[in-house]
Amino acid sequence: MELIVGGAYQGKLSYAKALHPEVTWLDGKVCTWEELLLGAGVYDFQAFIRREMQEGTLPEDLAKRLLLENPKLVVVSCEVGCGVVPVDAFDREYREKVGRICTELAAGSRRVHRVICGIGTVLKEEPCCG
Amino acid sequence: MLTMITGGSGSGKSAYAEDRILAYGEGNRVYIATMEPFGEEGAKRIQRHRKLRAGKGFSTVERYTDLAGLAVPAGSYVLLECMSNLVANEMFRPDGAGEGLLEEILLGVEKLCAQAAQVCIVTNDIFSECLGYEGETVRYQESLGAVNQTLARRADEVVEVVYGIPVILKERREGGG
């Protein structure tokens, strides 16, 4: 697993594409859970979480299952947790969920990047085991 | 040399930017203020910045749009604050560049770099919250995001200031590598 995070409009997807030109990217705004389990990369992953929450189908163990069933997935997700606590209860839960899920993905990821102004910084990198 | 400085609200990026300019040594220091003083809160904010700059030898130029039309002394040390205001002005003011703001701002920055010896630009990180903004606010975030990314590519140095601590995101390599 590899995770690329950062605020909106920072060039995360361009950075991810340059890093992995071979990947066909799924769009988290429209892709299905089945596609996610088979895909090589997904962007707007936070939007996938939001949709699953709205439909009441968000797997409780989403992060665990992704790490287990599609460990090569590259996940691009928006940082949504740094603003004021939202007034709306659903937004609060969504914001928290994105944070918790991405934290779990980060823990299981080989590499984690953060992109600011189009510049990526590797926050975590595990030595390759060959 | 072009230095871009980003960070959240109240992160100490202004003070850091001023220090960077002072570190260049004696010279003609120019502060380009892009924020229009709206109401009491705006006036207070500007007052705080003025106090921060007092005694540091900056001459202040207020410029809300049309950066490209601004002349600064040759070889000067220029601090522009803040790109987030300039983008908002170009976007929402009747005399702003509107749709063409990215090109307009880049041209302005190029012209500054051609005149000044050092240019520091302060911008703002407003991209990491979950509020589902709509319409103009999203367009504004998108525009500032595009300006920031383009400037970061052009800049020799990009620094994120976190509670007064500079985190170097991009550095000029000696020997031009």
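Any value given below was found using the heavy atoms of this structure, including those in side chains, with hydrogens, waters and symmetry copies removed. So that the names make sense, note that chain A is the first sequence line, chain B the second, and so on, each numbered from 1.
In the displayed structure, A:Glu22 atom CD is contacted under 6.0 Å by more than 12 heavy atoms of other residues, nucleotides or ligands. Environment of CD in B:Glu41: sparse, with no more than 12 heavy atoms of neighbouring residues, nucleotides or ligands closer than 6.0 Å. Residue B:Arg45 qualifies as open at atom CZ: its count of foreign heavy atoms under 6.0 Å is 12 or below. The number of heavy atoms from other shown groups lying within 6.0 Å of NZ (A:Lys64) does not exceed 12. The number of heavy atoms from other shown groups lying within 6.0 Å of NZ (A:Lys29) is above 12. Within 6.0 Å of CZ in A:Arg100 there are 12 or fewer heavy atoms belonging to other residues, nucleotides or ligands.
Two different hydrophobic clusters hold B:Ile105 and B:Tyr64 under the rule that ILVMFWY side chains link at heavy-atom gaps under 4.5 Å. Taking hydrophobic clusters as Ile, Leu, Val, Met, Phe, Trp and Tyr residues chained together by side-chain heavy-atom distances below 4.5 Å, B:Met83 does not share a cluster with B:Tyr16. In terms of hydrophobic clustering, with Ile, Leu, Val, Met, Phe, Trp and Tyr side chains grouped at heavy-atom distances under 4.5 Å, B:Met4 and B:Val119 are assigned to a common cluster. Under a hydrophobic clustering in which Ile, Leu, Val, Met, Phe, Trp and Tyr are joined whenever their side-chain heavy atoms come within less than 4.5 Å, directly or via other members, B:Ile121 and B:Val61 fall into the same cluster. In the hydrophobic clustering of this structure, A:Leu105 groups with A:Tyr94; members are Ile, Leu, Val, Met, Phe, Trp, Tyr whose side-chain heavy atoms approach within less than 4.5 Å, directly or through other members.
Within residues 107-125 of chain A, the residues that have a heavy atom under 4.5 Å from a heavy atom of chain B are A:Arg114, A:Ile116, A:Cys117, A:Gly118, A:Ile119, A:Thr121, listed by number. Contacts between residues 36-59 of chain A and chain B, counted as heavy-atom pairs separated by less than 4.5 Å, involve no residue at all.
Heavy atoms closer than 4.5 Å to chain A are found in both the backbone and the side chain of B:Glu142.
Note on B:Gly145, B:Ala152, B:Gly8, B:Ser128: by heavy-atom pairs under 4.5 Å with chain A, the leading option is B:Ser128.
If you run side-chain contact (heavy atoms from CB on, under 4.5 Å) between A:Tyr9 and each of B:Ile126, B:Val138, B:Asn148, only B:Val138 comes through.
If you take CZ on B:Phe127 and SG on A:Cys78, they are separated by 10.5 Å, rounding to the nearest 0.5 Å.
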